[in-house]
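A quick write-up on the structure given underneath.
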Amino acid sequence: MNSAVAIPAFADVAGAALRREWVSHRLNRFLHAHLLLILAAGLLPLLTPDGGLARGAAWWVLHAVLYAVSLSALLLGLSSAHAESEEFVWLLGQPAGIGPWLAGKVFGLIALAGGSALLLGLPVTLMGGGSKALLLATIGAAGVASLCALIGLAIGFWVRDSVRGLIAAIAAWLLLLFGVDLLLLATAGAPWVQQNPDYWVAALMLNPLDAYRVTILFAVENAAFGSLQAGRLTAWWIAHAGLWLGLATLTGGALAWAASWCGARRRLDG
Amino acid sequence: MNAWGILLFCLLGITSLFGVTAGDALRARIAGAVPGERIVVHPGIYEGPFTIEKPVHLLGEPGAILQGDHQTHIVVVRAADVEVADFTLRGSGRALGKDDAAIHITGARAIIRDNRILDSLHGIYVRRADDCRIADNTIIGDGISSDRVADPTVAPLKPGEAELCDVDSLQDRRGNGIHLWNSRGHVIEGNHIEGTRDGIYFSFADATMVRRNTIVRVRYGLHYMYSDDNTFEENTFSENGAGSALMYSKGIVLRRNRFHANRSHRAYGILFQSVDNTLVEGNEIDGNTLGFYLENSNDVVVRDNRIVRNYVGLRVSDSTSGSTFVGNRFSGNVHAVETTGFNQANRWSVDGRGNSWEGALSLDLNRDGVGDVPHRESDLFGQWRRTFPEIGLLSAAPGERLLRFVHSRIALPGVPGITDPHPLLATKDTP
């Protein structure tokens, strides 16, 4: 009698985890709130007066992502991690390990958060207000929402207590939204910073919310930034804003995935 | 074709057999006309140039084309009280030094109306002739120039006859739609100007009314200096490379104009440099890179304008003083106001009424439409714009917005900006 346990293929486990993620989120109130938010944010630009729809829509999407969708996606990821908290012992005991299971979960979250964010630009496009800036804003929104969801997932795996996790997630969001900007504003007058502006700009580029905001500003207000006679790094960023946003979200997503993997391997809080 | 048409056709054919062109015939008619005569020109192509040296009315029928020789002006108006109307004019010379134009006017009280001007250097050039009326013409240039426009605040515009035609390259040989030099008392209305070098150019041109013109896709929509006591009403200046620049002048009225989508990297909705005693009222300044810039301009009244959706709504240098800003609506600008200091030499409210600001605290206990607490509109970046231009990357950042919000409620020390003591709360009566 052969007692060896057959280890399922990576793709099989990942696929199963993805389907499980999809099914479990159907009842997740965070997802319902997230979708409602996306719907409202997508429809609000239609109220833009005076034919300013094409330009105004990208602005709406930008602000919706910064102030609402990013937080909503973060909480979606957090809830996804916490949903598994009672089954960690069982999951960690599976012969396939947590790698494929986490991969399925990550792709499920990306499909939910990123896919739903793509709907932000749909109403305006259907009403004939589509533009290059709106397309960029929508694709960027999908990337940022996916990244935020993965950050929430990582936080959820590291801080498994629901209340502490919620506090940690909101603190992380506030840091990304306001903290980096305030820190950079506070240091902008320092002589060293003014002599070495590329370090200051690099910090701005590394914050995904700032990277997204500046990319959309470059697209909508590109004339204003065209005259910004700043350093080489800024010039490169202005010329390759979309590319950088893509790289930043992909790298950030990979780091969040890795952090999730490390967090999921932990057995207990503290 | 009616009998007159057949007769004209035969005449043209016969005259051409003897080496006399349609243009020659028209020149002969002009030369032989008595003062005040109406010269009606039938459809056809008439080879110019034409010089009018007596007060006549040269009126084209639909299809009458005055064709230039690509060497000089097409029509030269030397006498007073000449009217040129209802023609298509095309093919003036392109000599910048000679100010070649489709219609070149040195006679007073000329009426130039309902013409269509194409393929010319300047469209209509008025030189030392007063009281002209230029109405309902369409002037189409060769296309918008590249956006390499010098910033007029850094390299000021120069006064003179043809200084605007200093070209960067031989390819950019374009003139202005309407060029006024050293004259006064004109009425310019209902014209459409597109794709010329500058739309309307004023230099030493006073006491002129400019209304209901549309100027799009040129370099400067309005290029204006050393010209006093002029009025601009209900004009539209949009999609121009550098916007509208008014310099070294006084006594101007800008009322109910629209300055829209002037969005190159050095574009202004309106630029005032050393403009004094001027009224700016009821205009819409919408979607420009810099909506309204006042530099070294004194005693300007800026009243009831909509300054919306610009990258920078209003930039007021500290060299501007004695000016009043009241009843204006600021909305949807990335930066509502930029200053170089605290701007205490200007007034931001009159008789208890200030301006309408996006984000102002809506505290109005007596419900008079005026906020009960002053509104502080801060410019957090201040002098850093010059010493550390990267600071512009924090435009519209949540952190910057948060600090501005805090500053509007609690005055943070050392933050430049302006204070409106009586902010208007948005109502249906707000402009």
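The chains referred to below are lettered A, B, ... by the order of the sequence lines, with proteins before strands, and numbering in each begins at 1. What you see is a predicted model, and the numbers here were worked out from it, not measured in a lab.
Inter-residue side-chain proximity for B:Phe381 and A:Leu185 is flagged as met; some heavy-atom pair is nearer than 4.5 Å.
Considering A:Leu174, A:Asp181, A:Val180 in turn, A:Asp181 is the only one that fulfils the side-chain contact (heavy atoms from CB on, under 4.5 Å) rule with B:Pro398.
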Assess the residue pair B:Val316 and B:Leu314 against the criterion (side chain to side chain contact (heavy atoms under 4.5 Å, CB included)); give the C-alpha distance rounded to whole Å, side-chain angles, the decisive distance to 0.1 Å, and a yes or no. CA-CA 6 Å; B:Val316 190; B:Leu314 177 67; 3.6 Å; yes
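For B:Leu403, the part lying near chain A is the side chain, with the backbone staying farther off; criterion is any non-hydrogen pair under 4.5 Å. When heavy atoms are compared at a cutoff of 4.5 Å, A:Leu177 approaches chain B by way of both its backbone and its side chain. For A:Val193, the parts lying near chain B are the backbone and the side chain together; criterion is any non-hydrogen pair under 4.5 Å. If you measure heavy-atom distances from A:Leu66 to chain B, the contacts under 4.5 Å come from the side chain alone.
For A:Tyr67, the OH atom is densely surrounded, since the number of other residues' heavy atoms within 6.0 Å is greater than 12.
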